[in-house]
Chemist: 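Sharing a structure here in structure tokens format.
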4 protein chains.
Amino acid sequence: MQIKKEIIREKLLEAGEREFFERGFTNSSVRKIAGLAGTTLGNFYNYFKNKEDLFKEIVKEEIIKFDDFFNGHKDEFNTDWMKVEMEPVAFCRAIDGYSDQLRAVFTRKFYIWVACSEGTEYSNSRKVVLEFIKEHFIGHVMEVGTKIPALDNTAGMLANGFLDGILYILKNQSEEAGINYLIKSHMLFFLMGSIGLIEGYSEGVAYD
Amino acid sequence: MQIKKEIIREKLLEAGEREFFERGFTNSSVRKIAGLAGTTLGNFYNYFKNKEDLFKEIVKEEIIKFDDFFNGHKDEFNTDWMKVEMEPVAFCRAIDGYSDQLRAVFTRKFYIWVACSEGTEYSNSRKVVLEFIKEHFIGHVMEVGTKIPALDNTAGMLANGFLDGILYILKNQSEEAGINYLIKSHMLFFLMGSIGLIEGYSEGVAYD
Amino acid sequence: MQIKKEIIREKLLEAGEREFFERGFTNSSVRKIAGLAGTTLGNFYNYFKNKEDLFKEIVKEEIIKFDDFFNGHKDEFNTDWMKVEMEPVAFCRAIDGYSDQLRAVFTRKFYIWVACSEGTEYSNSRKVVLEFIKEHFIGHVMEVGTKIPALDNTAGMLANGFLDGILYILKNQSEEAGINYLIKSHMLFFLMGSIGLIEGYSEGVAYD
Amino acid sequence: MQIKKEIIREKLLEAGEREFFERGFTNSSVRKIAGLAGTTLGNFYNYFKNKEDLFKEIVKEEIIKFDDFFNGHKDEFNTDWMKVEMEPVAFCRAIDGYSDQLRAVFTRKFYIWVACSEGTEYSNSRKVVLEFIKEHFIGHVMEVGTKIPALDNTAGMLANGFLDGILYILKNQSEEAGINYLIKSHMLFFLMGSIGLIEGYSEGVAYD
DNA sequence: AATGAATGAGGGTTCATTCAT
DNA sequence: AATGAATGAACCCTCATTCAT
């Protein structure tokens with residue numbers, strides 16, 4: 001009995017993942033998820049309290065991972081590299097060394113948590129993540145010491161750009177090689193863009 | 001009666017804009033929109049044929065504007081500048097001259113059209129816009145002559161980043177000055193990121 | 001003012017007639033009727049108490065005419081002919097002499113009253129008319145003295161056949177000549193069918 | 001559960017049949033049908049995809065039967081008799097041999113299909129059936145070789161009369177014996193009427 | 001008299017959740 | 001544990017009728 005139950009539970013989790021990923025929380029149907037998992041609507045509720053409970057189960061480890069990653073709770077997640085290389089090729093090499101842990105954080109479930117959570121109590125997830133990224137970005141800029149006008153706003157926008165790039169890749173790329181490549185490209189792009197922006201401001205691009 | 005009618009119609013358009021902007025087309029409720037506009041559900045249908053009709057009314061001029069802009073149908077929309085300046089400060093100055101027309105295209109309603117249209121016949125709007133941007137981007141890169149591996153994939157990602165940046169600003173910024181400033185920043189960032197990316201690749205950042 | 005009012009009223013009556021005839025009472029829309037009459041929804045209610053009131057106005061004279069006709073209230077309606085000729089050609093000639101009064105009763109509005117009244121208080125009109133016809137038919141048969149098993153049932157069916165034929169003609173034929181011709185054919189058919197039926201029964205066609 | 005489910009489904013089919021029969025498709029309410037079946041609106045949709053689906057389920061076998069009957073697809077349906085007897089008593093005897101198959105086609109559900117389908121995809125059913133009957137009728141007349149002026153119009157009217165008679169019986173008669181008797185009467189009446197009409201015309205009843 | 005805005009009841013349909021078996 | 005029937009709230013939409021101007 002126990003064994004059987006785990007199989008069903010696993011299938012429900014997978015089906016939910018697929019549906020939430022494809023359609024978002026609100027537009028997913030419990031009936032369909034149960035069907036995809038090879039079980040029935042009613043039985044769904046033997047495994048999960050409700051639709052949102054399934055969502056949380058799918059996503060809960062990602063939240064912890066994300067938290068660990070961005071707050072450096074665990075040694076495996078070390079974000080020092082972010083602060084180092086400002087020269088393109090070197091940066092890319094540096095990234096290569098971290099691609100594993102990037103991939104550990106930026107997963108399909110991460111996507112679901114951030115981009116498919118409208119209608120759940122995590123509907124603010126995007127904001128939370130953006131805040132994290134923004135703070136990091138501001139931290140870097142402060143270290144470098146450059147003055148950017150309306151730093152908070154700008155940092156918010158950049159954080160958003162960073163996140164959207166990641167989400168785009170997770171949504172649209174399914175091969176592992178492609179994902180790694182695009183993440184690398186994205187980060188390089190992002191670094192260069194940021195540096196360029198800082199330079200631009202330092203040379204007088206005004207708020208108005 | 002004429003006057004009163006226009007007021008209600010206006011309020012419905014505003015309420016619709018607010019709801020679509022906040023919740024998207026599908027998750028908006030006609031009842032709620034009518035309520036926000038200070039009228040009743042039934043009366044809504046004296047002003048608009050149906051929910052989608054309201055959406056179209058809100059958005060229809062934006063589509064025309066976008067088309068004019070990206071296809072250069074009108075003299076007022078001239079995109080030559082995009083191809084010119086590759087140096088940060090000069091680029092920013094160039095943009096300044098175009099900020100009006102950028103703002104004319106990138107409006108709150110543009111956001112609704114592109115980001116809130118799921119469930120309407122415009123549900124492909126994002127794809128359409130992305131395709132436009134991607135083609136422009138590829139055009140530029142071809143001119144410059146650099147080889148980017150997996151150009152189509154990369155261009156797709158960059159186009160997405162460009163668009164998301166714009167959408168982010170429209171979603172999160174309400175003051176006019178802030179919007180202009182962030183659009184400028186975003187474009188500068190984007191230019192520099194692209195240049196950096198191209199350089200990075202030319203210096204050997206491989207697909208794998 | 002009075003003049004103008006009459007014109008509108010007339011147009012509403014015409015439009016109602018057209019709509020009821022085409023779509024029936026229930027499926028007709030007051031808005032559309034008003035529109036067809038060249039006026040507005042609201043104004044409709046200055047001329048008629050409600051949708052059903054319009055229906056009654058359209059149809060009320062037909063009811064009286066029908067009553068007069070079948071009960072011989074007026075000299076102009078004389079149904080003696082029905083009882084006379086049992087030989088086809090003679091019958092047809094006899095009918096020719098009455099076609100005017102038949103046409104006076106079997107009008108487009110008669111059709112509306114009988115076939116389009118569902119949803120009004122005249123929804124039993126068909127039954128009423130059928131009852132009339134049935135009684136007449138039974139009267140004739142009694143005179144002739146033949147025994148038809150289950151006379152009431154049979155008479156009901158025949159009455160229905162008679163009525164449906166009339167209604168069919170009114171619905172599908174618009175030229176005056178065609179209508180007259182078909183009415184004549186229908187009545188001849190009906191007479192011969194009835195005679196045949198009576199004969200058939202007299203020769204032993206049993207109830208079972 | 002299986003058993004119970006079948007009961008409800010059956011009740012819904014019965015309630016639907018009753019309502020469609022009484023009120024027609026358009027004027028029937030799913031809410032009411034569900035209520036009559038002793039269940040709730042929502043539950044209706046556990047049994048049928050939608051209102052029209054219920055209609056189709058009620059009616060689908062009738063359509064096949066009708067097609068088989070009129071096209072002679074199956075040996076059980078043999079319409080040769082229609083062409084044989086022109087003498088009342090013989091005709092009645094001949095019909096007696098076919099009353100079973102007539103009853104198999106002309107059912108309460110046939111009535112629903114033909115007379116209550118407005119609003120469904122079968123809204124043309126009446127036309128379809130009339131066309132069949134008309135062609136058969138014209139076929140007979142051609143065989144006999146008589147000339148009827150305006151044959152198509154007349155045949156249309158007669159076909160309509162034939163069909164309406166059947167529909168009348170199905171609508172108003174509920175006992176089996178009564179139905180059989182009336183169908184027989186109706187067909188006899190119809191035969192004699194047709195013969196009489198042909199004779200009448202041959203003797204000079206003109207179009208005008 | 002005329003307008004058409006406003007109302008409210010009712011239509012069909014979907015779906016998360018509960019419940020009986 | 002498993003089934004899927006049952007519920008009820010919410011969805012979009014239509015329309016006869018009333019009301020204010």
Chemist: Looking at D:F25, is its backbone amide N or carbonyl O close enough to the side chain of D:K51 to form a donor-acceptor pair, meaning the two atoms are under 3.5 Å apart?
Modeler: yes
Chemist: When you measure only distances, ignoring hydrogens and angles, does the side chain of D:R31 come within 3.5 Å of the base of E:dG12 through a donor and an acceptor?
Modeler: yes
Chemist: Scan every strand shown for a Watson-Crick or G-U wobble partner of E:dA20, both distances under 3.5 Å, and answer none if you come up empty.
Modeler: F:dT3
Chemist: Please determine if a side-chain N or O atom of C:Y47 lies less than 4.0 Å away from the OP1 or OP2 oxygen of E:dA2.
Modeler: yes
Chemist: In the structure shown, which nucleotide is the Watson-Crick or G-U wobble counterpart of F:dC12, with both distances under 3.5 Å?
Modeler: E:dG11
Chemist: Does C:T39 put a side-chain nitrogen or oxygen below 4.0 Å from OP1 or OP2 of E:dT3?
Modeler: yes
Chemist: Between D:Y111 and D:K171, is there a cation-pi geometry (under 6.0 Å to ring centre, at most 45° from the normal)?
Modeler: no
Chemist: Go through E:dT13, E:dT17, F:dT17 for me and flag the one nearest to the A:L41 side chain.
Modeler: E:dT17
Chemist: Look at the side-chain N and O atoms of D:S29 and state whether any lies under 4.0 Å from the OP1 or OP2 oxygen of E:dG11.
Modeler: yes
Chemist: Please report the distance, rounded to the nearest Å, between NZ in B:K51 and P in F:dC11.
Modeler: 9 Å
Chemist: Which part of the nucleic acid, if any, lies within contact of C:N43, taking any heavy atom under 4.0 Å across all strands shown: a base, the sugar-phosphate backbone alone, or nothing?
Modeler: base
Chemist: Hey, are B:D53 and B:N50 close enough side-chain-wise for a donor-acceptor pair under 3.5 Å?
Modeler: no
Chemist: For E:dG8 and B:T40 - does any side-chain N or O of the residue sit under 4.0 Å from the phosphate oxygens OP1/OP2?
Modeler: no
Chemist: For C:N27 and F:dA16, give me the distance from atom CG to atom C1', rounded to whole Å.
Modeler: 14 Å
Chemist: Base, sugar-phosphate alone, or nothing: which one does A:S28 contact when heavy atoms must sit under 4.0 Å apart?
Modeler: sugar-phosphate
Chemist: Taking OP1 and OP2 of F:dT17, is either one under 4.0 Å from a side-chain nitrogen or oxygen of C:Y45?
Modeler: yes
Chemist: Of B:N46 and D:F44, whose closest DNA chain E nucleotide lies nearer the 5' terminus?
Modeler: B:N46
